[in-house]
Amino acid sequence: MEVTFTCADGRVLAGDEFPVPEGVERLGTVVVASATAVKAGYYHRYAAFLAANGFDAVTFDYRGIGQSRGGSLRGQRIRWHEWGSLDIDAVLAWALARADGLPVHLVGHSFGGFGSGLAGRAAALSRILTVGAQHAYWRDLRIPGQAAHWGRSLVTLLLVGVFGYFPAKRLGLMEDLPAGVALDWARSRRDFTTAVKGPDREALLAHLAAVTAPLLALAPDDDSFATIPAMERAVAYTPNSPARIIHLRPEDYGEASLGHFALFHSRYRDTFWEQTLGWLKDGSWTG
């Protein structure tokens, strides 16, 4: 079911709600936050799985992406941190208003996991599950990945200068990115919050400190972005949230490789997806 979310600055986002079917006990709500340059539709099968197992689920596109693109990206002033502080926050407000006293959790992929802590309303979350969450600081990557990152960064800087946004679709990649988001990614700061100045940075730091929900950070051990140093850096931003970091072995899922994106494919419904239910229901993880 299509829904919309109005952010604090008036921007309207598009999303989809997956309600628990009639006859299934309702256990709570799960907000699913996407990776950078990935449309929310990629997570719809997982959201439907959550609903079938008792969790109302909601997906959404960040401003500048997919159904929330808002026309031409040229001239749109969008920063990466706003996807957390404004967009995720608006969806959390919607979910919390409809929770009926039941817990609200968040499952975040890549930036979606890291960016959740930037939202002021993340303080009200009951549990957080992240998959491959980090913010692409280059020194956290393995040595071959560092060289690849700087190559991608140079291309990003050049193409943003030419087009006024990052034209991913022209390159056969994923979703086009607003210029500010693409440049924030390419510049890859050690401390993500230093990309913002003054009161805005102070607000982000306050949001991060207010998160107390237990956090389970997962990633395949062959995820080129979510190395252990990258995951450690990500969870350190929420110092008051008890965190556990686990690198998953592809062979445990019958695979030679999983990488950064595979685990939200429906072929992991009976394995990884079932494992995530344990965390969302009672904070347990078996694997």
Residues Leu215 and Ser241: closest non-hydrogen pair is CB-OG, 3.6 Å
Less than 4.5 Å apart, side chain to side chain, heavy atoms only: is that true for Leu50 and Leu280?
yes
Exercise. Under 3.5 Å, side chain of Asp222 to main-chain N/O of Ser257, donor-acceptor pair present?
Worked result: no
TODO: Take Ser110 and His260 through the side chain to side chain donor-acceptor pair (under 3.5 Å) test and state the conclusion after the steps.
DONE: CA-CA 8 Å; Ser110 196; His260 193 57; 2.9 Å; yes
Could you see if Val131 belongs to whatever hydrophobic cluster contains Leu118? Use Ile, Leu, Val, Met, Phe, Trp, Tyr and a side-chain cutoff under 4.5 Å.
no
For Val24 and Ala51 the tightest heavy-atom approach is CG1-O, 4.5 Å
Taken to the nearest 0.5 Å, the spacing of Lys169 NZ from Leu171 CG works out to 12.5 Å
Discussion item. Whether the Trp150 and Ser188 side chains hold a donor-acceptor pair (N or O, under 3.5 Å, no angle test) is what I'd like checked.
Written reply: no
Does the side chain of Leu177 reach to within under 4.5 Å of the side chain of Met174, using non-hydrogen atoms?
no
Interatomic distance, CG@Leu183 vs OG1@Thr156, rounded to 0.5 Å, equals 8.0 Å
Practice task
Consider only side-chain heavy atoms of I, L, V, M, F, W and Y, link residues closer than 4.5 Å, and tell whether Tyr46 and Trp279 are in one cluster.
Solution key: yes
* Asp191 vs Arg201, salt bridge (Lys or Arg N to Asp or Glu O under 4.0 Å): CA-CA, chis, key distance, verdict -> CA-CA 11 Å; Asp191 180 347; Arg201 181 172 185 247; 3.2 Å; yes
Test side chain to side chain contact (heavy atoms under 4.5 Å, CB included), reference Leu218, set Leu129, Asp223, Leu263, Ile245, output is Leu129
> Sub-3.5 Å donor-acceptor pair from the side chain of Arg74 to the main-chain atoms of Phe163, do we have one?
Replying inline: yes
Open item on the list: Donor-acceptor check, side chain of Asp176 to backbone of Ala168, threshold 3.5 angstrom: yes or no?
Closed with: yes
| request: Would you confirm whether Glu255, through its side chain, and Pro250, through its main-chain N or O, come within 3.5 Å as a donor-acceptor pair? | output: no
Consider only side-chain N and O atoms of Asn240 and Thr212, and report whether a donor and an acceptor are under 3.5 Å apart. no
* Are the side chains of Asp56 and Arg26 in touch, meaning some heavy atoms are under 4.5 Å apart? -> yes
Smallest heavy-atom separation, Ala119 atom then Leu92 atom, equals CB-CD1, 4.0 Å
Separation between CG (Leu157) and CZ (Arg152), nearest 0.5 Å, reads 13.0 Å
Across all chains, not counting sequence neighbours, the salt bridge (Lys or Arg N to Asp or Glu O under 4.0 Å) partners of Arg187 are none
*Taking C-beta and beyond as the side chain, do Phe225 and Arg142 meet within less than 4.5 Å on heavy atoms?*
no
Check your understanding: Between His109 and Tyr43, does the ring centre distance come in under 6.0 Å?
Key -> yes
Stepwise side chain to side chain donor-acceptor pair (under 3.5 Å) test for Thr6 and Trp94: CA-CA 9 Å; Thr6 302; Trp94 183 93; over 6 Å; no
Query - Test item: Val38 and Glu175 side chains (from C-beta on) under 4.5 Å apart, heavy atoms - result: no
### Query
Do Leu86 and Val3 belong together in a cluster built from hydrophobic side chains that touch within less than 4.5 Å?
no
Donor-acceptor pair, distance only, cut-off 3.5 Å: does the side chain of Glu274 make one with the backbone of Thr271? no
Correct closest heavy-atom pair for Gly132 and Ala226 would be CA-CB, 3.6 Å
When every non-hydrogen atom of Ser116 is compared with those of Leu106, the smallest separation belongs to CB-CD2, 3.6 Å
Got more than 12 heavy atoms from elsewhere within 6.0 Å of CZ, Arg269? yes
Interatomic distance, CD1@Ile78 vs CZ@Arg69, rounded to 0.5 Å, equals 10.0 Å
Item to complete: Could you tell me whether a side-chain N or O of Glu2 sits under 3.5 Å from a main-chain N or O of Asp16, the two making a donor and an acceptor?
Response: no
Residues passing the salt bridge (Lys or Arg N to Asp or Glu O under 4.0 Å) test with Arg11, sequence neighbours excluded, are none
Sorted by chain and number, sequence neighbours left out, side-chain contact (heavy atoms from CB on, under 4.5 Å) with Arg45 holds for Ser266, Trp273
Subject >> Residue pair Arg233, Asp140: steps toward the salt bridge (Lys or Arg N to Asp or Glu O under 4.0 Å) verdict >> reply: CA-CA 8 Å; Arg233 185 180 304 278; Asp140 292 336; 2.6 Å; yes
Taking the inter-plane angle between the rings of Trp185 and His149 on a 0 to 90° scale, is it parallel (under 30°), tilted (30 to 60°) or perpendicular (over 60°)? tilted
The reported gap from CG in Leu96 to CG in Asp89 (rounded to nearest 0.5 angstrom) is 9.0 Å
In short, Pro220 meets Gly259 closest at the heavy-atom pair CG-O, 3.2 Å
Sorted by chain and residue number, the ring pair (Phe, Tyr, Trp, His ring centres under 6.0 Å) partners of His105 (sequence neighbours excluded) come out as Phe55
*Strictly under 6.0 Å, is that where the ring centroids of Phe192 and Phe114 end up?*
yes
Please tell me whether Tyr268 and Gln275 have a donor and an acceptor in their side chains that are separated by less than 3.5 angstrom. no
Between Tyr237 and the options His207, His135, His81, the ring-ring contact (aromatic ring centres under 6.0 Å, His included) test singles out His135
Worksheet item: Does the side chain of Ile88 reach to within under 4.5 Å of the side chain of Trp83, using non-hydrogen atoms?
Response: no
Answer yes or no: is there a donor N or O on one side and an acceptor on the other, between the side chain of Asp221 and the main chain of His247, under 3.5 Å? no
Contacts of Asp252 meeting side-chain contact (heavy atoms from CB on, under 4.5 Å) (sequence neighbours excluded), chain-then-number -> Arg249
Problem set entry | Arg127 (side chain) donor-acceptor with Val104 (main chain) under 3.5 angstrom | no
### Task
Examine Ile228 and Leu216 and state if one hydrophobic cluster contains both, with Ile, Leu, Val, Met, Phe, Trp and Tyr joined whenever side-chain heavy atoms are less than 4.5 Å apart.
no
query: Between Tyr165 and Leu159, is any pair of side-chain heavy atoms under 4.5 Å apart?
result: no
Exercise for review: Answer yes if Val30 and Tyr42 sit in the same cluster of Ile, Leu, Val, Met, Phe, Trp and Tyr residues linked by side chain heavy atoms under 4.5 Å apart, and no otherwise.
Suggested key: yes
Which side-chain N or O atoms in residues 59-66 pair as donor and acceptor under 3.5 Å with protein atoms at least two apart or in another chain?
| from | atom 1 | to | atom 2 | distance (Å) |
| --- | --- | --- | --- | --- |
| Thr59 | OG1 | His44 | NE2 | 3.2 |
| Asp61 | OD1 | Ala40 | N | 2.7 |
| Asp61 | OD2 | Gln67 | N | 2.9 |
| Tyr62 | OH | Ser34 | N | 3.4 |
| Tyr62 | OH | Ser34 | O | 2.6 |
| Arg63 | NE | Asp87 | OD1 | 2.7 |
| Arg63 | NE | Asp87 | OD2 | 3.4 |
| Arg63 | NH1 | Asp9 | OD2 | 2.7 |
| Arg63 | NH2 | Asp9 | OD1 | 3.2 |
| Arg63 | NH2 | Asp87 | OD1 | 2.9 |

**Asked** Can you check whether Val196's main-chain N or O pairs, donor with acceptor, with Asp200's side chain at less than 3.5 Å?
**Response** no
Is there a side-chain contact between Phe18 and Val58 in this structure, where contact means two heavy atoms from C-beta onward sitting under 4.5 Å apart?
no
